[in-house]
Structures are given as C-alpha cells and as structure tokens.
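Protein chains get the first letters and strands the later ones, always in sequence-line order, with residue 1 at the start of each. Predicted, not measured: the structure shown is a model, and the values here were computed from it.
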Number of protein chains: 2
Amino acid sequence: MSPIDFAYSRSADAQGNAKGAGAKPDPAGEIHPCSACTVRTLTVCAALEAEELRRLAEILQTTRFDAGHTVFGEGEPADTLYNVTSGTVKVYKLLPDGRRQITGFLLPGDFFGLSVDDSYAYTAETVTPVSLCRFPRRRMEALLDEFPKMQRRLFSMASNELAAAQDQMLLLGRKTAKEKICSFLMLLSQRASRRGHKTNPVHVPMSRADIADYLGLTTETVSRTFTQLKTSRVISLLEGNKVQIQDMDDLLDLAEGA
Amino acid sequence: MSPIDFAYSRSADAQGNAKGAGAKPDPAGEIHPCSACTVRTLTVCAALEAEELRRLAEILQTTRFDAGHTVFGEGEPADTLYNVTSGTVKVYKLLPDGRRQITGFLLPGDFFGLSVDDSYAYTAETVTPVSLCRFPRRRMEALLDEFPKMQRRLFSMASNELAAAQDQMLLLGRKTAKEKICSFLMLLSQRASRRGHKTNPVHVPMSRADIADYLGLTTETVSRTFTQLKTSRVISLLEGNKVQIQDMDDLLDLAEGA
DNA sequence: CTCCGGCCATGATCTGGATCAAAGATCGGT
DNA sequence: ACCGATCTTTGATCCAGATCATGGCCGGAG
C-alpha cells in the first residue's frame, strides 16, 4: 500500500503561461492568489478532517513573485514553510567558487523550506512567476503536534522525496549525458501525468543552464544532446518550450542505458 | 531548534573488528545480539515514554549476517524495517547494464528499508558482519499511529537524510575527484564524532570499489587520489583500514574546492 | 610452505564531456 | 522597427577521469 497518494489538484492549470503582463487576457483565467492557494493546499491535504482544514487555512498566507526571484537563501533562518500554488521553483546548493547543483524543481502542490536545522540548507529561486502559500514554522509545528494525520502525510512526502533523491544520485553518479537528458524528459512527463496534464508535448519551463545544473552537465552539453536527440528522431522541439516525445518507450530505454 | 537530536548510543563500540572467527577474543566483548539490539534501538528512540519503549521492544527481532550478504534486493516486497545494531551496511541502485550507485552507508543506529511503495527501491548489502533489528512493517505502522512522538522522530530522521542526500547530489554533480574523496573522509570523521568515537584516525571499512560507487568514480581513480593525498601530506594511510587526517581544516577546504 | 583469488596500486592510453570561442535566436525596452 | 542583453546553438580544442593492462600484496586453503 502506498501511504503517499497525495492528491494533486485536478482543477484548471493556473501555471506556466504567466509571461509577465501579456497583451492578451490569461487564457486560464486569473485566479485570486488567496483562493487559488487555499484550494491547492486543501487538495494536497485531502483526507484531513474539516477542523484540520479550517485551522490550516487559518495560518496560511499567500505571496506572488516574478521569475528569477530568490525566495530564501541558504543559511537564512528557516522560519517559513512554503507550498507552490502555481509556477515553478528551483532549489539549489552552491560551492564557494560558484559551482551550482540544482537539487529539485518544484511544481504546484510541492512543499519546500522544511528544515531540520535553524537555517535553510539550500537556496530557493523562482523559475517562472509563481504564487506561494506561506506557513509560519512555529504555528505549523503546533498544528502538526495537534493533528498526527498531517504529520503522517508530511512524512510520506519526505519519504517520496528521499526515493526521488536516490534516483537522482544514480543519475548524477552513473548516467551518461544522453541518459541524463532522457531521464529528465521522462521525469517531466511523468510528473505532468501525475498532475493530470497531458504528458506528451511536455512543457520545459527552465533554461538550458538550469537543466545543466540539475543534471551535472554544462549548457553546451545539454544543448548538443537535445539537438542530437532531435536529429535521431527521438524528440522534436516545439515552440513555447515544449518537447514532443516521439516514442515514450524508446526514451525510457535510452534513459536507462538499455 | 533541531528536532533531530537523535541520540546515538554512547556505549562501547560493538562494531567493525568482527573479522570472522578470529583466534583472539573480541576486545570489545561479545554482546548478545538481542540485548545489544534492544539497547541500541531504545537509545535511538530516547525521549519516548516507558510504555512506547516496551511496545517497541516487543515487536523487534534480531538477526546477524556475515560480510557481503544481501539483506534485501531492489523490487522485493518491503515488509520489514531494519535498524543497524553493529557493523556497516551499504544500500545501492543498479542500472540494467550493471552500473551501480551506492546511495548510502549505514552505521549503528541508522534505519533502512523504509518504503513508500510496496517494494524496496534499492538493494541493501552488508559491508562488514552486522547485526540488525527487524521491525515487521505492519506492526511498526500500527505503533506509529499509536505514538505520534515516534512518528515525529522518524520524520526528523527522514528530513535529515534528505539534507544529506542533497549534499551528496552537490558532490556527485559538481565536485572533482579530489574534492569527493576529501568530502567522504570528512563525512566519515563527522559521523564518528557524532557517535562519540574518536574522529581522527578514521576507520574506513569499505573497499575501494564501494567508495568509487558511492562517489561516482572508478576504483583506479579512488586509489590514485588516495595516494595523491598521501603524497601531499594531507592524510596518511594506517594499517587496519584507518586513515589519519593531518589537518582537519585543510581537508575541509579541499572538500569544498576552496 | 606454496598456491590461488581478491584487492590495491600504478602506468599507458583513450574519450566523453568540459572549456574556449563565436555565431545565430529571442525578447524586452525605447 | 531597432537595439542591446541574454539565451541557445555550434565548432574547435583540451583534459580529468575512464579504460585497459600489469604487477604487488595479503590472507585463506591445501
């Protein structure tokens, strides 16, 4: 049995196409940050009692950020837990000389900012414009003590992330550039699927540099590998940062070196 | 405040020197597996109530394995949670063609075998002779439901592992061979310190091949880098798989590329 | 004691991906 | 519509670490 069936919102996608103040009206319809956030968070916390939901809604606040905004930096006091309502967030660690490793991309429904320490262990920065729910850490902890079911859900999410982290270690330590890129595309496709979006022309909102820092490569190698995959008819690059996967099974094989 | 202050046993070290049936008597004194396990686990679960401890002790079973034994394989049904009592365990994932990534080395006090799925996501194999506590998954879950404090402790441990996993991703994706080896030695030293052992001539129980598969290198590169560090007087190799660190601060700088 | 099978070290060579360099795209701003 | 800044692609070259190959070491079995 899988304790982590945590339900992503099946509602209309309020994400991605928020390209600043475009002339045409937002096709997805503008949702008021607060209501969107509440809906999202409550969906994530499905299976909770009415009382728990009410109390959760009580403590959450909402914020919006443009693309490229640092939500918090590594080492800052960790006093807030975040949940992504719309958009994409990247979290990364740096070496003193500036080398960067992105440890994850966060999509709507994902939490971040949880820390076992007094301070954040990584930096969080927006990739696209995002809206976020903020949960003050103290009040969140109190709530967790009060409602074991929420604690359990958070634990499941952490376990899930741990499994994903192990997959990523295998990728970083042992896969070739081509396998890394294919794995990455598979991941994006699978995440889209779990969130109830169409999985094939998959949306890739992040830059080549971000992909490189996520996969332990350089932008040049990422770019070359994409064109290589395009040339060998495994994928095709569509406009609007979309990638069309020709054969999902081929891609999966390539991702595992088969 | 750090919710994960989970106390490692301060008792005598029952680990490491168990090199089969040696002629001389075990200097650390042979502890009966069962009692050792109970002590260890109870220490890990410090701050629990007497009732909780009693119930925990009730469900645990103990086992011993020789070096090189597979405790469970990736994909097998995940029905047991393990806690290391003595010895070292490695957990790893494989690619179809045999490439291997070790995602962690587990020391006394560490748990493994937790799964969000029906099956284990990785293989667990002993590095040295080990003794383990087994917790049947069903009964453990029931216990967690009953005692939120235990749930909380497990959550803290998962969060900690997650932070470690992120460090490891930075290492695998962005560090050079020398930085990787230095980071690895620092890690071993710090873990020894937290467990109340002497941190300097640090014990390295695993083979070059295991180190290579943990750091995303080859055995040759690991070997070469060790001799290089030895030549430049950063470390010296002692007998009995011990490594003497000449200057801890130097090593720390080398680990971060400073 | 010697033999054998893992490990470990070290040398020689090769190569995937990094680095260096320089055109095209794309996009926001005026 | 034009311009500069940023991102992406592509080419040429380099090099850290992989691969291939060999010999030494240690520990257990006969």
Of the options [options], whose atoms approach the side-chain atoms of [X] most closely?
X        : options                : result
A:Arg224 : D:dC20, D:dG17, D:dG11 : D:dG11
B:Thr218 : D:dG17, D:dA18, C:dA18 : D:dA18
A:Ser223 : C:dG17, C:dA9, D:dT10  : D:dT10

What integer distance in Å separates [X]:[atom1] from [N]:[atom2]?
X        : N      : atom1 : atom2 : answer
A:Asp210 : D:dC7  : CG    : P     : 10 Å
B:Ile211 : C:dC8  : CD1   : P     : 8 Å
B:Lys230 : C:dC8  : NZ    : C1'   : 11 Å
B:Asp213 : D:dA18 : CG    : P     : 11 Å
B:Gln228 : C:dT10 : CD    : P     : 12 Å
B:Glu220 : D:dT22 : CD    : P     : 14 Å
B:Leu229 : C:dT10 : CG    : P     : 13 Å
A:Phe226 : D:dT8  : CZ    : C1'   : 12 Å

Sugar-phosphate only, base, or nothing, as touched by A:Gly68 at under 4.0 Å among non-hydrogen atoms: nothing

Sugar-phosphate only, base, or nothing, as touched by A:Thr219 at under 4.0 Å among non-hydrogen atoms: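 Contact class for A:Thr219: none.
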
Short side-chain N/O contact to C:dA18 OP1/OP2 from A:Thr221, under 4.0 Å: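 Checking A:Thr221 against C:dA18: at least one side-chain N or O falls below 4.0 Å of OP1 or OP2.
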
Residue-phosphate contact under 4.0 Å: A:Ser207 side-chain N/O, D:dC7 OP1/OP2: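 Checking A:Ser207 against D:dC7: no side-chain N or O falls below 4.0 Å of OP1 or OP2.
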
Side chain to side chain contact (heavy atoms under 4.5 Å, CB included) partner of A:Ile245, the single match among A:Leu188, A:Leu251, A:Asp250: A:Leu251

Nearest non-hydrogen partners of B:Thr219 and B:Ala209, listed with the distance: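 Looks like CG2-CA, 3.3 Å.
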
Any N/O donor-acceptor pair, B:Arg208 side-chain to C:dT10 base, under 3.5 Å: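 Result: no qualifying N/O pair found.
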
Under 3.5 Å: donor-acceptor pair, side chain of B:Asn241, backbone of B:Pro205: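 No.
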
Closest-nucleotide ordering on DNA chain D, the 5'-leading residue of A:Thr227 and B:Lys175: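 Comparing both residues, the 5'-ward one is A:Thr227.
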
Within-4.5 Å side-chain heavy-atom neighbours: B:Leu94 and B:Arg100: yes

Over-ring placement of B:Arg208 relative to B:Phe226, 6.0 Å and 45° cut-offs: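 Yes - B:Arg208 lies over the ring of B:Phe226, closer than 6.0 Å to its centre and within 45° of its axis.
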
